[in-house]
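Keep in mind that this is a model prediction, so the values were computed, not measured. Every heavy atom of this structure was used, including side-chain atoms; hydrogens, water molecules and symmetry mates were not.
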2 protein chains.
Amino acid sequence: MARAGLTPERLVAAAAELADEAGLAQVTASAVARRFDVKAASLYSHIGGTDDLRTGVALLALREMADRVAEALAGRSGRDALAAFAGAYRDYARAHPGRYEAARLPLDHETAMASAGVRHSQLARAVLRGYDIAEPDQTHAVRLLGSVFHGYISLEAATGFSHTPVDSDTSWQWTLDRLDALLRSGSAG
Amino acid sequence: MARAGLTPERLVAAAAELADEAGLAQVTASAVARRFDVKAASLYSHIGGTDDLRTGVALLALREMADRVAEALAGRSGRDALAAFAGAYRDYARAHPGRYEAARLPLDHETAMASAGVRHSQLARAVLRGYDIAEPDQTHAVRLLGSVFHGYISLEAATGFSHTPVDSDTSWQWTLDRLDALLRSGSAG
DNA sequence: GTAGGTTTCCTACAGGGCTTAGGCAAATGC
DNA sequence: GCATTTGCCTAAGCCCTGTAGGAAACCTAC
């Protein structure tokens with residue numbers, strides 16, 4: 001019988017597609033095996049198991065997001081950079097909800113340190129260079145940016161902010177304006 | 001043989017404890033049944049299944065959080081109210097991580113509308129009464145509060161913001177200060 | 001080109017979890 | 001005290017995980 005050509009990379013890529021289509025919970029060894037017309041047991045020479053698959057999706061998502069954010073940020077500063085930064089995350093989450101979900105999985109310290117997660121905080125600091133904020137406020141501000149955007153994106157994904165007549169895009173712009181103002185007054189401490 | 005005295009409420013309560021101790025993923029019909037020294041099949045006359053159990057935990061968590069937030073808010077306004085509001089959520093999430101996790105489960109529209117989730121936005125609006133913000137900005141501000149606090153709490157839970165020497169409590173206070181200032185200047189925009 | 005070794009995928013199996021169906025025993029109500 | 005209702009049981013089917021060991025495809029080197 002012809003071989004399916006399984007590799008860790010292809011398995012993780014399939015897992016990522018599955019996550020986006022059906023949710024991270026549907027990413028299982030069985031489901032991924034089905035995508036390759038292969039028995040579930042065949043995956044175990046390539047990956048450790050279901051957890052490995054999900055962690056793989058998380059690492060992939062962190063890399064892809066960092067790439068997109070970096071590209072969005074190129075040549076921008078100030079409010080422009082802030083909007084590009086936030087927009088890149090939001091767009092990614094909407095295009096790849098399962099991957100985004102995976103990116104929030106807890107990673108052990110070692111894996112986290114070797115992941116693209118590190119680039120994310122560097123990118124946030126790049127945005128803040130447009131705002132003249134010194135340490136330790138800069139660290140506070142990095143956390144604030146992460147919190148606001150991750151929070152907004154995940155609440156938007158869960159509820160769609162659909163219970164009121166106010167448009168979510170309008171709230172998003174409003175939030176960016178206010179955050180920009182907040183950071184601009186940031187050097188005051 | 002003696003009966004175990006199962007009820008939907010007791011099952012959900014046990015599921016909530018389990019969630020806090022071991023994570024929401026460990027909340028299964030089997031695991032809850034073990035807590036009552038009962039076979040898993042016995043649960044099915046009381047609850048619909050595993051999903052029901054988790055949804056039950058979500059609804060419980062929403063109720064408990066709304067109660068605590070309401071209590072924390074009593075008699076406070078302005079920055080005091082803001083800090084009490086945010087602190088109540090953060091404390092709850094730390095005391096009951098599994099319940100907090102469950103509270104973010106997507107609920108169908110009908111269930112969401114009948115849940116205590118509705119009270120949460122009312123409580124956020126109560127905080128904003130101290131800041132003189134009219135619609136539609138008030139809705140934007142409600143979303144901002146939800147985003148910042150939920151985002152902060154979930155990032156804190158996942159990473160502990162432990163990769164840098166800057167204390168998380170300090171960032172939290174800084175965030176509250178800045179948010180207070182932002183809302184105070186809010187009537188302008 | 002073909003023999004050996006390696007890799008890839010297979011079948012088989014053990015272990016759990018979910019959930020339904022149907023039965024017996026305990027509680028309840030009359 | 002007896003009938004009914006309720007609560008928990010066993011049994012069984014299905015799906016997922018992960019391990020072990022086998023067979024076939026691929027590679028290498030003569």
Side-chain angles (χ1 to χ4, degrees), chain A residues 1-60 97-99 101-102 105-108 111, chain B residues 1-60 97-99 101-102 105-108 111:
Chain A
M1 61 208 43
R3 295 192 177 179
L6 306 182
T7 66
E9 292 70 28
R10 292 188 65 200
L11 291 172
V12 167
E17 288 174 23
L18 194 55
D20 288 336
E21 292 164 15
L24 189 61
Q26 304 309 310
V27 174
T28 65
S30 297
V32 171
R34 271 192 294 275
R35 292 225 157 190
F36 287 93
D37 252 304
V38 141
K39 301 297 174 186
S42 305
L43 306 196
Y44 287 81
S45 15
H46 302 281
I47 48 114
T50 297
D51 283 354
D52 256 47
L53 231 29
R54 293 185 184 157
T55 301
V57 175
L59 296 175
L60 173 66
R99 285 155 148 102
E101 194 185 347
L105 286 178
L107 303 174
D108 61 79
T111 308
Chain B
M1 61 210 42
R3 298 193 174 181
L6 306 182
T7 65
E9 291 71 26
R10 293 188 65 199
L11 291 172
V12 167
E17 287 174 23
L18 194 54
D20 288 336
E21 292 165 15
L24 189 61
Q26 303 309 311
V27 175
T28 65
S30 298
V32 170
R34 271 193 292 275
R35 292 225 156 190
F36 287 93
D37 253 304
V38 140
K39 301 297 175 186
S42 305
L43 306 196
Y44 286 81
S45 16
H46 302 281
I47 46 114
T50 296
D51 283 354
D52 257 45
L53 230 29
R54 294 186 183 155
T55 300
V57 176
L59 296 175
L60 172 66
R99 286 153 147 103
E101 193 185 348
L105 286 177
L107 303 173
D108 62 77
T111 308

Nearest atoms (heavy-atom pairs only) where Val27(B) meets Ala15(B)
CG2-O, 3.5 Å

Rounded to whole Å, please give me the gap between CZ in Arg10(A) and P in dT8(C).
13 Å

Interatomic distance, Tyr44(B) OH vs dG22(C) C1' [rounded to whole Å]
17 Å

Nearest 0.5 Å, what's the CG-CG distance between Asp52(A) and Leu11(A)?
10.5 Å

Among the nucleotides dC9(D), dC9(C), dC16(D), which one has an atom lying closest to any side-chain atom of Thr28(A)?
dC16(D)

Heavy atoms within less than 4.0 Å of DNA chain D: which residues of residues 13-22 of chain B have one? Give them sorted by number.
none

Can you check the Leu53(A) CG to dT17(D) C1' distance for me, whole Å?
12 Å

Separation of dG17(C) P from Asp51(B) CG (nearest whole Å):
17 Å

Classify the nucleic acid contact of Thr50(A) as base, sugar-phosphate or nothing, counting any heavy atom under 4.0 Å across all strands shown.
sugar-phosphate

Distance-only, no hydrogens or angles: does the Arg99(A) side chain make a donor-acceptor pair with backbone N or O of Leu60(A) under 3.5 Å?
no

Check Val57(B) against Val12(B) and note the closest heavy-atom contact, atom names and distance.
N-CG1, 3.8 Å

Where the side chain of Lys39(B) is defined as all heavy atoms beyond and including C-beta, which of dA25(C), dC9(D), dC9(C) is the nearest nucleotide?
dC9(D)

Identify which nucleotide among dC9(C), dT19(C), dC10(C) has an atom closest to any side-chain atom of Ala40(B), counting heavy atoms from C-beta outward.
dT19(C)

Once you apply a heavy-atom cut-off of 4.0 Å, does Ala41(B) come out as touching a base, just sugar-phosphate, or nothing?
base

Rounded at 0.5 Å granularity, tell me how far NE2 in His46(B) sits from CZ in Arg10(B).
10.0 Å

Taking five pairs at each end, how big is the angle between the two axes of the helix from dG1(C)-dC30(D) to dC30(C)-dG1(D), to 10°?
10°

Taking atom P of dT6(D) as reference, at what distance in whole Å does atom CG of Leu6(B) sit?
15 Å

Of all the heavy-atom pairs spanning Ala14(B) and Val32(B), show the shortest one and how long it is.
CB-CG1, 4.4 Å

When the distance from NE2 of His46(A) to P of dT17(D) is rounded to whole Å, what number comes out?
16 Å

Going from CZ on Arg34(A) to OG1 on Thr28(A), what distance comes out if it is rounded to the nearest 0.5 angstrom?
6.0 Å

Working to the nearest 0.5 angstrom, can you tell me the gap between Ile47(A) CD1 and Leu6(A) CG?
9.5 Å

Output the rounded distance in Å from CG (Leu11(A)) to P (dG18(D)).
14 Å

What one should report as the nearest heavy-atom pair of Leu105(A) and Thr55(A) is CD1-N, 4.5 Å

Per Ser42(B) side chain, nearest of listed nucleotides dT8(C), dG17(C), dC9(D):
dC9(D)

To the nearest Å, give me how far apart CZ (Arg3(B)) and P (dC8(D)) are.
6 Å

